[in-house]
Amino acid sequence: CIRDRINTTTRNNTALFTSLQYKNNDTTYSIGARNETVKYEYKTISGAQTDPKWGDSHNLEAYDIGFNTKLDPQTTIFSNFNQAFQAPLIDRFFTSSGAFNGFMSPASSKTLNLGLNYLTDRTKTKVTLYKSNISNEMYLNSSYENTNLDETSKQGIELQNSFAVNPKWSTNVSYAYTDAKIDKEGDNAGALNGKTNPMTSKHNISASVIYSISDKAKMTLTQKYRSSAFAEEDYSNTFTQKQKAFNSTDFNFSYSPNEDLEFNLDVENLFKTSYGTWLRADVIYPGNFTRNINASLSYKF
């Protein structure tokens with residue numbers, strides 16, 4: 001619920017979900033479903049006069065169907081198909097000046113994943129291909145109004161590999177390639193059709209080196225990278241400045257003297273690499289630019 005001096009905007013969600021898993025020899029089948037009702041209400045009050053209520057409601061459905069089967073002791077394949085949704089937050093209904101801009105349609109997606117796992121005594125490798133079609137993806141248009149893109153899509157590949165060099169040293173590398181496109185948008189006579197969706201990095205890489213000091217303690221050094229992308233408001237792909245690539249070096253030390261007690265020390269952005277979110281030329285929201293240190297102690301009982 002959002003309330004200002006004269007207006008009240010509310011959102012209410014009611015959901016029901018269920019899941020089922022069935023295993024037959026070397027194959028596991030899974031299915032899940034969720035039904036959610038979302039209701040919105042915008043009410044304006046001016047002095048003693050109460051304006052009519054405006055409202056909107058949606059009955060949304062999501063599901064996932066998948067399987068995982070073992071081909072041999074080292075190799076398994078898996079696949080799943082799912083439908084998902086995203087109901088807009090209340091602040092999406094307002095312009096940058098605070099005026100009520102009307103309700104929006106929820107976004108929905110249909111995604112197909114196909115993958116393979118390969119396991120040996122020293123390595124674990126996972127490869128996943130995916131394709132996703134999205135309807136009514138939410139975005140901020142050139143008039144700074146929140147609205148929907150008619151049809152967009154994402155496709156790509158994800159690779160993961162874990163390798164045990166020896167009992168002390170191991171590595172973990174993941175890579176994702178993403179191609180995100182605006183397939184169809186009726187506004188501006190279709191000028192956005194075929195454009196790349198902003199803020200989508202084509203290349204995402206994470207590489208870690210893990211040193212096991214003992215069975216109870218280990219250190220991990222991780223390098224994260226995301227390639228440059230079009231600025232957040234650059235749906236036409238024409239801005240002179242792009243979103244800067246992201247780089248961060250992170251360190252973790254963990255110590256568990258027993259199953260119930262764990263200590264963690266995390267250092268994010270070890271080298272204080274600056275990073276911000278590009279909206280458009282020379283309009284940047286600063287993000288990671290400091291070294292962040294966090295220590296935690298957890299106990300299970």
Mind checking whether [X] and [Y] have ring centres under 6.0 Å apart?
| X | Y | result |
| --- | --- | --- |
| Tyr139 | Tyr235 | yes |
| Phe263 | Tyr255 | no |
| Phe93 | Tyr42 | no |

Any donor and acceptor pair, going by atom type alone, linking the side chain of [X] with main-chain N or O of [Y] inside 3.5 Å?
| X | Y | result |
| --- | --- | --- |
| Asn258 | Leu261 | yes |
| Asp234 | Asn237 | yes |
| Ser212 | Ser214 | no |
| Asn117 | Lys124 | no |

Under a 4.5 Å cut-off applied to non-hydrogen side-chain atoms, are [X] and [Y] in contact?
| X | Y | result |
| --- | --- | --- |
| Arg291 | Glu268 | no |
| Phe163 | Asn172 | no |
| Ile31 | Tyr29 | no |
| Val127 | Glu158 | no |
| Asn82 | Lys110 | no |
| Ile77 | Leu71 | yes |
| Tyr40 | Thr10 | no |
| Lys224 | Phe246 | yes |

Exceeds 12 heavy-atom contacts within 6.0 angstrom, atom [atom1] of [X]:
| X | atom1 | value |
| --- | --- | --- |
| Lys218 | NZ | no |
| Phe251 | CZ | yes |
| Gln86 | CD | no |
| Lys168 | NZ | yes |
| Asn166 | CG | yes |

Heavy-atom pair with the smallest gap, counting every atom of [X] and [Y]:
| X | Y | value |
| --- | --- | --- |
| Arg92 | Met138 | NH1-CB, 3.8 Å |
| Asn101 | Glu145 | ND2-CB, 3.7 Å |
| Ser170 | Ala164 | CB-CA, 4.0 Å |
| Lys154 | Ile134 | CG-CD1, 4.2 Å |
| Pro106 | Pro88 | CA-CD, 3.9 Å |
| Tyr130 | Tyr177 | OH-O, 3.9 Å |

Gap between atom [atom2] of [Y] and atom [atom1] of [X] - 0.5 Å precision:
| X | Y | atom1 | atom2 | result |
| --- | --- | --- | --- | --- |
| Asn136 | Asp150 | CG | CG | 7.0 Å |
| Phe271 | Ser248 | CZ | OG | 10.0 Å |
| Leu270 | Lys272 | CG | NZ | 10.5 Å |
| Leu192 | Ser236 | CG | OG | 7.0 Å |
| Leu149 | Asp187 | CG | CG | 8.5 Å |
| Lys131 | Gln155 | NZ | CD | 4.0 Å |

- Item | Residues Asn59, Thr37; criterion side chain to side chain donor-acceptor pair (under 3.5 Å); working and verdict | CA-CA 5 Å; Asn59 189 268; Thr37 300; 3.3 Å; yes
Do [X] and [Y] have a side chain donor and acceptor closer than 3.5 Å?
| X | Y | answer |
| --- | --- | --- |
| Asn269 | Asn288 | no |
| Asn247 | Thr273 | no |
| Lys181 | Thr196 | yes |
| Ser135 | Asn133 | no |
| Asn197 | Glu137 | yes |
| Gln160 | Ser174 | no |
| Asn264 | Asn252 | yes |

Under a 4.5 Å side-chain heavy-atom rule over Ile, Leu, Val, Met, Phe, Trp and Tyr, are [X] and [Y] clustered together?
| X | Y | value |
| --- | --- | --- |
| Ile65 | Phe17 | no |
| Met104 | Ile90 | yes |
| Leu159 | Tyr118 | no |
| Ile293 | Leu297 | yes |

I'd like a table of donor-acceptor pairs (distance under 3.5 Å, sequence neighbours excluded) in which one partner is a side-chain atom from residues 201-211, with atom names and distances.
unit_1	atom_1	unit_2	atom_2	d
Ser201	OG	Ser227	O	2.7
Lys202	NZ	Asp179	OD1	3.2
His203	ND1	Tyr175	OH	2.7
Asn204	ND2	Ser201	O	3.4
Ser208	OG	Thr222	OG1	2.8

- Task: Please determine if Arg280 forms a cation-pi arrangement with Phe239, meaning its NZ or CZ atom is less than 6.0 Å from the six-membered ring centre and no more than 45° off the ring axis.
- Result: no
- Does the salt bridge (charged side-chain N to carboxylate O under 4.0 Å, His left out) test come out yes or no for Arg34 and Glu36, once each step is laid out? CA-CA 7 Å; Arg34 178 184 179 92; Glu36 183 169 333; 3.0 Å; yes
- Query: Could you go step by step and tell me if Gln223 and Thr249 meet the side chain to side chain donor-acceptor pair (under 3.5 Å) rule?
  - Reply: CA-CA 5 Å; Gln223 179 65 42; Thr249 305; 2.5 Å; yes
- Message: By the definition side-chain contact (heavy atoms from CB on, under 4.5 Å), identify the one residue from Asn113, Leu112, Leu116 that meets it with Ser79.
- Response: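 So the option named by the test is Leu112.
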- Message: Using the side-chain contact (heavy atoms from CB on, under 4.5 Å) definition, which of the options Gln241, Glu233, Lys242 pairs with Trp278?
- Response: Gln241
- side chain to side chain donor-acceptor pair (under 3.5 Å) assessment of Asp72 paired with Thr75: CA-CA 5 Å; Asp72 56 49; Thr75 310; 3.2 Å; yes
- Would you check, one step at a time, whether the test side-chain contact (heavy atoms from CB on, under 4.5 Å) holds for Thr76 with Asn68? CA-CA 7 Å; Thr76 60; Asn68 185 307; 3.8 Å; yes
- Message: Does the plane of the ring in Phe103 sit parallel, tilted or perpendicular to the ring in Phe100? Use 30° and 60° as the thresholds.
- Response: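 Geometry flag for Phe100 against Phe103: perpendicular rings.
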- Message: As a quick check of understanding, evaluate side-chain contact (heavy atoms from CB on, under 4.5 Å) for Thr28 and Gln21, giving each step before the final call.
- Response: CA-CA 7 Å; Thr28 301; Gln21 190 175 87; 3.6 Å; yes
